Number of protein chains: 2
Amino acid sequence: MTDKDNAVFNTFQQAPNLRSNLADMLTARIESGDLKPGQRLPTEQAIMTATGVSRTIVREALATLRAKGLITTRQGLGAFVSNDPTPRSFSIIPNDLQSIDEVLRVLELRMGVECEAAGLAALRRTQEDIDRMQDRLDDLDKALEEGGYGAQEDYAFHRSILVATQNSYYGRLFDTFGNIMVPRQWARLDKMTAAERKRHAARMRREHHAIFTAIRDGEEAAARRAIRTHLSKSAARFEELRDATA
Amino acid sequence: MTDKDNAVFNTFQQAPNLRSNLADMLTARIESGDLKPGQRLPTEQAIMTATGVSRTIVREALATLRAKGLITTRQGLGAFVSNDPTPRSFSIIPNDLQSIDEVLRVLELRMGVECEAAGLAALRRTQEDIDRMQDRLDDLDKALEEGGYGAQEDYAFHRSILVATQNSYYGRLFDTFGNIMVPRQWARLDKMTAAERKRHAARMRREHHAIFTAIRDGEEAAARRAIRTHLSKSAARFEELRDATA
DNA sequence: GACTCCAAACTTGTCGTACAACTATGTAAC
DNA sequence: GTTACATAGTTGTACGACAAGTTTGGAGTC
């Protein structure tokens, strides 16, 4: 292994645990084409010395890649990048549900998808779409009034926006986000006082109504702005949560 | 297992190693409902004594399940069966009959994804990313000079942008677009004269270079604009194609 | 020279121990 | 009753050792 190869390994920043970091890095190297299909990976020893982690970690990271189908290993031979490392289907697997970083990355993806979708929805929504969005919004309001977090209802409302694009790909893609966006696991991390809960509910209502009215009235730019604001604030709140627990 | 049994399995090189066996066993227990969502798995020690394998094996098996999203682990607490062990996946299956409409819908989706990605890439790209994008751009230029359509190279360049976001979800999602975005099937519909081809090549080069320089120079807004323009014009061209063949 | 055989080196698979980091729980002190 | 802390239990990480599979190169034979 050359120095240049080593340099790639040294660039991982601190995060939840060593195994995930190493697995992410190796995954990135494969997906970026740095390691090509059929090519042999560095030996476990080489990865150990390059990254400074123990063989235990290296092996668990390789087990992760193997489970994802990115590599295959053969005893006495080594590990090899799979022939078709680019899967034709996309799915979000809740790797570390406690890892807020994961949620933030998904939120980044949602930002792109939903902003465009909101714009399209504002241009194309039918009366039926508007009614459906209104219903979901009512459900959400009701859930918040009853003191719940409304995560499920929030998700359903967002989905109704995607449906209104009249482009089924948007809705189908959004379905994959549900796996990680149901925040039951970290709900307990997020202990809000009654006052905070109330403020949170008011903010949610305000932001969602802004999105809804923009789409209903066919205001494309406003719809984009509104949903970007909403998702940005959600992300910011998750970041606070992470920093608070760190 | 007898030798005869092994003979049956020799066709696929699935090794009879302890890790796979244990992982399969645990997977079966989860999928059969023996271990219910949210329920805690036995401790690593318990699995060790119950199965007789070492902790190394247990941990690698658990790493496999975690990669598949079947369980989540938390230090000091234990491993738990995931709430939604059946991840939904997103894929694009090309439909030959209305393929151009199909492409237009996918382009709409790409619009959202890639605009956001270009913005993120402008903020986060590393020198390595810049080099990779430059290489892909050179490949594309070369393909166009040689009189090809450069569809493959175009796709590779776009992918390098997604990689530069440092958010692997973007790259993984983009891979699903490849199914329909390699336009071999309608290339023959698209007979350009030499002059048209030249104009097309010049346009492609101009638009791609605009995207590249914006990302390289860290200009977020310009990157978004450039890629939106590029995809809009691509979509317009596909629409012309559809109307011409209809 | 060409071939066979085998020993050595290398790599992954498995085992064992030890300690660090994190969590929950119960107990003592206030 | 509440807080602080000690403790036990669990996962995360490190290190060393040997087993099992694969390749390579050299010794020996024809």
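Everything quoted here is computed from the prediction, not taken from an experiment. Here is the naming used below: chain letters follow the sequence lines, and residue numbers restart at 1 for every chain.
- The CZ-P distance, from A/R19 to D/dT11, rounds to 13 Å in whole Å.
- Rounded to whole angstrom, the span from the CG atom of B/L18 across to the P atom of D/dG21 amounts to 12 Å.
- Stretches of at least 3 consecutive Watson-Crick or G-U wobble pairs, with each checked distance under 3.5 Å, appear in DNA chain D as C:1-30 with D:1-30.
- Between the P atom of D/dG21 and the CZ atom of A/R40 lies a distance of 18 Å, rounded to the nearest Å.
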Can you give me the N/O atom pairs linking the protein to nucleotides 16-20 of chain C at distances under 3.5 Å, or say none if there are none?
unit_1: C/dA18; atom_1: N6; unit_2: B/R55; atom_2: NH1; d: 3.4

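- Considering only residues two or more places apart in sequence or on other chains, B/E220 meets the salt bridge (charged side-chain N to carboxylate O under 4.0 Å, His left out) condition with B/R224.
- Aromatic ring orientation, B/H208 versus B/F157: perpendicular (interplanar angle above 60°, classes split at 30° and 60°).
- Remark: B/E114 pairs with B/R110 by the salt bridge (charged side-chain N to carboxylate O under 4.0 Å, His left out) rule, at least two apart or across chains.
- Of the candidates D/dG12, D/dT10, C/dT23, the closest approach to any side-chain atom of B/E44 belongs to D/dG12.
- When only modelled atom types and interatomic distance are considered, B/Q152 and B/D139 share no side-chain donor-acceptor pair under 3.5 Å.
- In this structure, A/I71 places its CD1 atom 16 Å from P of C/dT11, rounding to the nearest Å.
- Using modelled atom types and a 3.5 Å distance limit, the side chains of B/D24 and B/T27 yield no donor-acceptor pair.
- With sequence neighbours excluded, no residue forms a salt bridge (charged side-chain N to carboxylate O under 4.0 Å, His left out) with B/R40.
- The B/L77 side chain lies nearest to C/dA24 when the options are C/dA24, D/dT13, C/dT14.
- Among the candidates A/L35, A/L26, A/D34, the single residue satisfying the side-chain contact (heavy atoms from CB on, under 4.5 Å) test with A/V81 is A/L35.
- A salt bridge between A/D175 and A/R172 is absent, with no side-chain N of the basic residue lying under 4.0 Å from a carboxylate O of the acidic one.
- The separation between B/L22 atom CG and C/dG13 atom P is 15 Å, rounded to whole Å.
- The nearest heavy atom of DNA chain D to B/A79 and to A/I57 marks one nucleotide each, and the one closer to the 5' end goes with B/A79.
- Rounded to an integer number of Å, the gap from A/L62 CG to C/dT14 C1' is 15 Å.
- For B/R74, the listed nucleotide lying nearest its side chain is C/dT23; candidates were D/dT13, C/dT12, C/dT23.
- Rounded to an integer number of Å, the gap from A/R59 CZ to D/dA19 P is 17 Å.
- Shown here are the ring-ring contact (aromatic ring centres under 6.0 Å, His included) partners of A/Y170, two or more places apart in sequence or in another chain: there are none.
- If you measure from atom CG of A/L41 to atom P of C/dT11, you get 13 Å, rounded to the nearest angstrom.
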